[in-house]
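Here is how names work: the chains are called A, B, and so on, in the same order as the sequence lines, proteins then strands, and each is numbered from 1.
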Amino acid sequence: MTPDLFGETAPPGLAYLPGFALAEEAALIGAALGVAAAAPLRVMSTPGGKKMSVAATNCGAAGWVSDARGYRYERRDPLTSLPWPAMPGLFLTLAQAAAAQAGFAGFNPDACLINCYEPGAKMALHQDKDEADLTAPIVSISLGLPAVFLWGGANRSDKPARLPLHSGDVVVWGGATRLNFHGIAPLPSGHHPPLGAARLNLTFRRALRA
DNA sequence: CAGTCTCA
DNA sequence: TTAA
């Protein structure tokens, strides 16, 4: 456990970078909304047929998709059959800088999943394991309303730590904890000036073989 | 294939 | 909140 400047404690195996992206908050939100203008936010279904509580879209060479056929990465948006929008340069720059700061130099993400949470939306504990390259880390940037990040272990039964995430915070994990279970507790209601009553999460991954 | 969900 |  390493204490940080804001008094929060990063759980083992997780790099916690509070405020790392705060200076670029407005530009990141603008870029994310630009992606959503071309590849609309949509509610995906799990393979079991249940709707997720977040709305999602993607940018980059590959995008994460879930439907009755399963979880996978697709090079094109199933909604428009167009390639996903290009990853904004600012996204790539920040994701690489955060990864480097966390000890993962050379991170070259090709996928950015954008999840939009409205109050009540959540993400149950899960593993990110649909990527072809599990040697690359996961970089997650929070924007808008604060949320509680659930940081579990290698087994679903491991009790997760709870870490508050605010707009501009970045978390990074990889290596030995690359497949750790994680999630987001139900989003409390609130209002964030640039974004309104919502939280956006940008998750960067190397989805295709490096 | 699926627990990125829902309910006990 | 935790287990299943």
Side-chain angles (χ1 to χ4, degrees), chain A residues 8-9 11-14 32 35-36 39-79 84 87 91 95 109-134 136-165 169-174 177-189 198-208:
Chain A
E8 293 297 341
T9 298
L14 181 74
V35 169
L41 288 162
R42 82 294 306 264
V43 175
M44 297 185 190
S45 295
T46 65
K50 292 157 187 162
K51 288 191 168 182
M52 297 178 68
S53 59
V54 299
T57 187
N58 293 274
C59 59
W64 186 83
V65 168
S66 176
D67 60 20
R69 289 168 34 213
Y71 306 138
R72 64 197 178 278
Y73 282 89
E74 292 279 0
R75 292 179 175 276
R76 288 174 177 267
D77 180 352
L79 214 54
W84 297 104
M87 195 181 298
F91 281 21
D110 57 8
C112 173
L113 173 62
I114 301 174
N115 279 141
C116 180
Y117 294 74
E118 293 186 344
K122 62 191 183 300
M123 188 74 73
L125 280 186
H126 66 280
Q127 296 170 294
D128 290 5
K129 59 178 181 184
D130 304 310
E131 298 74 29
D133 182 356
L134 295 177
I138 302 287
V139 173
S140 169
I141 301 179
S142 293
L143 298 166
L145 288 181
V148 173
F149 184 63
L150 306 172
W151 176 244
N155 304 110
R156 189 183 291 279
S157 56
D158 294 337
K159 180 189 167 104
R162 301 172 70 89
L163 182 72
L165 293 182
D169 291 352
V170 180
V171 292
V172 181
W173 68 95
T177 59
R178 173 63 178 73
L179 291 175
N180 275 30
F181 282 86
H182 57 280
I184 290 286
L187 194 77
S189 54
R199 169 178 187 264
L200 290 179
N201 186 73
L202 314 179
T203 308
F204 297 88
R205 308 171 173 125
R206 183 72 203 187
L208 310 176

Engineer: Within the 4.0 Å heavy-atom criterion, would you say A:Thr46 contacts the bases, only the backbone, or no part of the nucleic acid?
Structural biologist: sugar-phosphate
Engineer: Tell me: NZ of A:Lys50 to P of B:dC7, nearest whole Å?
Structural biologist: 8 Å
Engineer: Please list all pairs meeting ring-ring contact (aromatic ring centres under 6.0 Å, His included) that have one or both residues in residues 39-62 of chain A, counting only residues at least two apart or in different chains.
Structural biologist: none
Engineer: Holding to salt bridge (Lys or Arg N to Asp or Glu O under 4.0 Å), I want the full list of residues that pass it with A:Asp158, two or more places apart in sequence or in another chain.
Structural biologist: none
Engineer: Tell me, please, which residues at least two apart from A:Trp173 pass ring-ring contact (aromatic ring centres under 6.0 Å, His included).
Structural biologist: A:Phe149, A:Trp151, A:His182
Engineer: Among residues at least two apart in sequence or on other chains, which ones pass side-chain contact (heavy atoms from CB on, under 4.5 Å) with A:Ala185?
Structural biologist: A:Val148, A:Leu150, A:Arg162
Engineer: Kindly write out the residues that satisfy side-chain contact (heavy atoms from CB on, under 4.5 Å) with A:Pro188, not counting sequence neighbours, or none if the list is empty.
Structural biologist: none
Engineer: Can you name the closest pair of heavy atoms from A:Asp169 and A:Pro164 and give their distance?
Structural biologist: OD2-O, 4.1 Å
Engineer: Check salt bridge (Lys or Arg N to Asp or Glu O under 4.0 Å) between A:Asp110 and all other residues, then give those that pass, not counting sequence neighbours.
Structural biologist: A:Arg206
Engineer: Residues from residues 117-126 of chain A sitting under 4.0 Å of DNA chain B, heavy atoms only?
Structural biologist: A:Lys122, A:Met123, A:Ala124, A:His126
Engineer: Please report the distance, rounded to the nearest Å, between CG in A:Asp67 and C1' in B:dC5.
Structural biologist: 16 Å
Engineer: Describe the nucleic acid contact of A:Asn201 in one word from base, sugar-phosphate, nothing, applying a heavy-atom distance below 4.0 Å.
Structural biologist: nothing
Engineer: Do any side-chain atoms of residues 49-61 of chain A form donor-acceptor pairs under 3.5 angstrom with protein atoms, and if so which ones, sequence neighbours left out?
Structural biologist:
residue : atom : partner  : partner atom : Å
A:Ser53 : OG   : A:Lys122 : N            : 2.9
A:Ser53 : OG   : A:Lys122 : O            : 3.0
A:Thr57 : OG1  : A:Ala39  : O            : 2.6
A:Asn58 : OD1  : A:Trp64  : N            : 2.9
A:Asn58 : ND2  : A:Trp64  : O            : 3.0

Engineer: List for me each residue that meets salt bridge (Lys or Arg N to Asp or Glu O under 4.0 Å) alongside A:Arg205, sequence neighbours excluded, and say none if there are none.
Structural biologist: A:Asp128, A:Glu131
Engineer: Reading DNA chain C 5' to 3', what string of ( ), [ ], | and . shows its pairs, if Watson-Crick and G-U wobble pairs count only when both distances fall under 3.5 Å?
Structural biologist: .|.|
Engineer: Holding to salt bridge (Lys or Arg N to Asp or Glu O under 4.0 Å), I want the full list of residues that pass it with A:Arg72, two or more places apart in sequence or in another chain.
Structural biologist: A:Asp67, A:Glu74
Engineer: Could I get a table of every N or O pair under 3.5 Å where one atom is in the protein and the other is in nucleotides 1-4 of chain C?
Structural biologist:
residue : atom : partner  : partner atom : Å
C:dT2   : OP1  : A:Lys159 : NZ           : 2.0

